[in-house]
Student: 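Take a look at this one; I'll ask things after.
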Amino acid sequence: MHYLTPHAAETLVHAFVTSRLDYGNSLLAGLPATSLHTLQVIQNSAARVLSRTRHRDHITPTLARLHWLPIPQRIEFKILILTYKAIHGPGATEDPFGLFLLDPETGKINITGIVDREKTPVFEMIAQAYDRNNNPLENRLPIRIKILDINDNPPVFTQEVFHGSIEEWSPLNTLVMTLNATDPDEGENALVAYRIISQGGSQMFSAQTRGTIVTSSLNLDREVSGHTSKLVEGRDMDGKAGGLQSTAKAEIKILDVNDNVPTLDKYEYDVSVDENSKGKELLRIKVHDQDEEFTDNWLGDFEIVEGNENGNFRFEMDEKTNEGILILDKVRGLSSYLCQIVLWL
């Protein structure tokens, strides 16, 4: 050995001595010190060769300088590096099985499949270290894996068709309806912005970002258009380009207000009465009104304001035809009458 360099001597000792001492030495765990004495003598001799220590010198400082563990500690060290790790819980030993795998040597957790945050946003598992006899070595370590969201779900409207109504001639920005769509993503990926993408020929309404549809014109006239249909869009990412979108319909009914004056076919009507005509229909006067049919705004109402002081006549309304019916109530003292009639709105 005196003809070898220190590096060459160390290489030979590791190749022929220490490597043999470590090979399979985990099988020697638990043996008494007397059974390990021979191996310790071999290690001591190798250390003296490398360090050129005399036989009578104490070996412990020499082993420390060489950073060599004594034989019992080398066996214990081998057992420790043979320790393996495992994880338990959903995603590992429970459904979905084997989604996460733990490298028993490095401790790195790898994923083997696709995860869906909307189905399972968080996986909570337990990590445990075991010795070669499957005995736990340390306290269990909780592991919490949070699945980060990507924008993989478009908004879904809660209704295919939304219905709303608004009175004609309503002020600007009057609320008509509120749209609603849900998105199972989170954060901005779930923030839905709304807009009207097809007005259907009219520009009377606008959709605000958060889903309210309001009036954008003062010229809502039911007699011109009593109904309108809009195609609306909900887009996530707060309406940004690249956001996912879906569509629905918004049906808006324009409600009638009493904004039309009724008219008659003539301004003067002549009628003759036969004797014994009490209770009979004498005349029908047609009322024309552009307001919504069969509503109070459309139905006329007559009142005799002059010439019927004796109460000989009265009016009834035919609600199906919007005609005023003049009826003779009394024939007593009846000769010739000139009556003034008022038609009420």
Side-chain angles (χ1 to χ4, degrees), residues 114-121 147-260 262 288-299 319-322 345:
I114 297 175
V115 293
D116 187 351
R117 188 202 67 84
E118 288 70 46
K119 183 179 179 181
T120 309
I147 309 302
L148 301 180
D149 184 52
I150 62 172
N151 192 23
D152 58 341
N153 292 280
V156 177
F157 278 98
T158 56
Q159 301 170 220
E160 292 183 0
V161 181
F162 291 82
H163 295 275
S165 59
I166 184 71
E167 288 186 347
E168 56 183 336
W169 311 114
S170 291
L172 288 174
N173 296 318
T174 301
L175 177 65
V176 180
M177 68 172 69
T178 301
L179 306 172
N180 185 43
T182 60
D183 193 314
D185 292 318
E186 65 179 359
E188 188 179 59
N189 292 336
L191 187 58
V192 181
Y194 302 86
R195 67 187 184 107
I196 297 175
I197 58 177
S198 175
Q199 288 275 10
S202 66
Q203 304 292 326
M204 301 295 183
F205 302 93
S206 61
Q208 298 178 336
T209 303
R210 296 281 76 88
T212 54
I213 291 183
V214 298
T215 56
S216 57
S217 171
L218 292 172
N219 299 320
L220 291 178
D221 189 348
R222 188 204 67 85
E223 286 72 52
V224 174
S225 176
H227 176 272
T228 183
S229 179
K230 313 294 181 185
L231 184 63
V232 295
E233 175 192 84
R235 183 180 295 269
D236 60 19
M237 293 182 65
D238 202 19
K240 294 179 181 177
L244 303 178
Q245 57 84 28
S246 61
T247 59
K249 286 186 177 181
E251 302 286 346
I252 302 173
K253 181 180 180 180
I254 312 302
L255 301 179
D256 185 51
V257 298
N258 194 19
D259 60 337
N260 290 280
H288 300 280
D289 195 309
Q290 294 184 31
D291 289 322
E292 187 171 2
E293 288 186 345
F294 309 111
T295 65
D296 289 342
N297 295 335
W298 170 79
L299 188 63
E319 296 182 358
K320 294 182 179 180
T321 63
N322 205 15
L345 296 179

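Fair warning: this is a prediction, and the values are worked out from it, not measured in the lab.
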Student: Scan for side-chain hydrogen bond (donor to acceptor under 3.5 Å, both in side chains) pairs involving residues 149-176, sequence neighbours excluded, and state none if there are none.
Tutor: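 Residue pairs with at least one partner in residues 149-176: Arg117-Asp149, Glu118-Asn153, Asp149-Asn189, Asn151-Asp236, Asn153-Asp185, Trp169-Asp259.
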Student: Does atom CD (Glu319) have a neighbourhood of more than 12 heavy atoms from anything else shown, all under 6.0 Å?
Tutor: no
Student: Donor-acceptor pair, distance only, cut-off 3.5 Å: does the side chain of Asp291 make one with the backbone of Asp256?
Tutor: no
Student: Does the side chain of Val232 come within less than 4.5 Å of Ile213's, by heavy atoms?
Tutor: yes
Student: Would you call Asp183 and Arg235 a salt bridge, taking side-chain N to carboxylate O under 4.0 Å as the test?
Tutor: no
Student: Looking at Ala181, is its backbone amide N or carbonyl O close enough to the side chain of Tyr194 to form a donor-acceptor pair, meaning the two atoms are under 3.5 Å apart?
Tutor: yes
Student: Find out whether Thr209 and Asp238 are in side-chain contact, i.e. whether some heavy atom of one side chain is under 4.5 Å from a heavy atom of the other.
Tutor: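 They are in side-chain contact.
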Student: Thr120 versus Ile147: any side-chain heavy-atom pair under 4.5 Å?
Tutor: no
Student: Looking only at heavy atoms, which two atoms of Asn180 and Phe162 are closest? And how far apart?
Tutor: O-CZ, 3.5 Å
Student: Working to the nearest 0.5 Å, report the span between CG of Asp296 and CG of Asn258.
Tutor: 9.0 Å
Student: Got a sec, which residues hit side chain to side chain contact (heavy atoms under 4.5 Å, CB included) with Val224, two or more places apart in sequence or on another chain?
Tutor: Asp221
Student: Rounded to the nearest 0.5 Å, what's the gap from CD on Gln203 to OG on Ser216? Could you check?
Tutor: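 Nearest 0.5 Å value for the CD-OG distance: 7.5 Å.
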Student: So do the side chains of Gln199 and Lys230 get within less than 4.5 Å of each other, counting heavy atoms only?
Tutor: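 Contact flag for Gln199/Lys230 side chains = yes.
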Student: Taking atom CD of Gln290 as the centre, report whether more than 12 heavy atoms of other residues, nucleotides or ligands fall under 6.0 Å from it.
Tutor: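 Not more than 12 within 6.0 Å, no.
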Student: If I take atom CZ from residue Phe157 and atom CD from residue Glu233, how far apart are they, to the nearest 0.5 angstrom?
Tutor: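 The CZ atom of Phe157 sits 8.0 Å away from the CD atom of Glu233.
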Student: Rounded to the nearest 0.5 Å, what's the gap from CD1 on Ile197 to CG on Leu231? Could you check?
Tutor: 4.0 Å
Student: Side chains of Ser229 and Glu251: is there a donor and an acceptor less than 3.5 Å apart?
Tutor: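 Indeed, the side chains of Ser229 and Glu251 share at least one donor-acceptor pair under 3.5 Å.
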Student: With a 4.5 Å limit on heavy-atom distance, are the side chains of Arg210 and Leu191 in contact?
Tutor: yes
Student: Are any side-chain N or O atoms of Thr215 and backbone N or O atoms of Pro171, one a donor and one an acceptor, separated by less than 3.5 Å?
Tutor: yes
Student: Please identify which of these residues, Met204, Arg222, Glu292, meets the side chain to side chain contact (heavy atoms under 4.5 Å, CB included) condition with Ile254.
Tutor: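 Of all the options given, the one that passes is Arg222.
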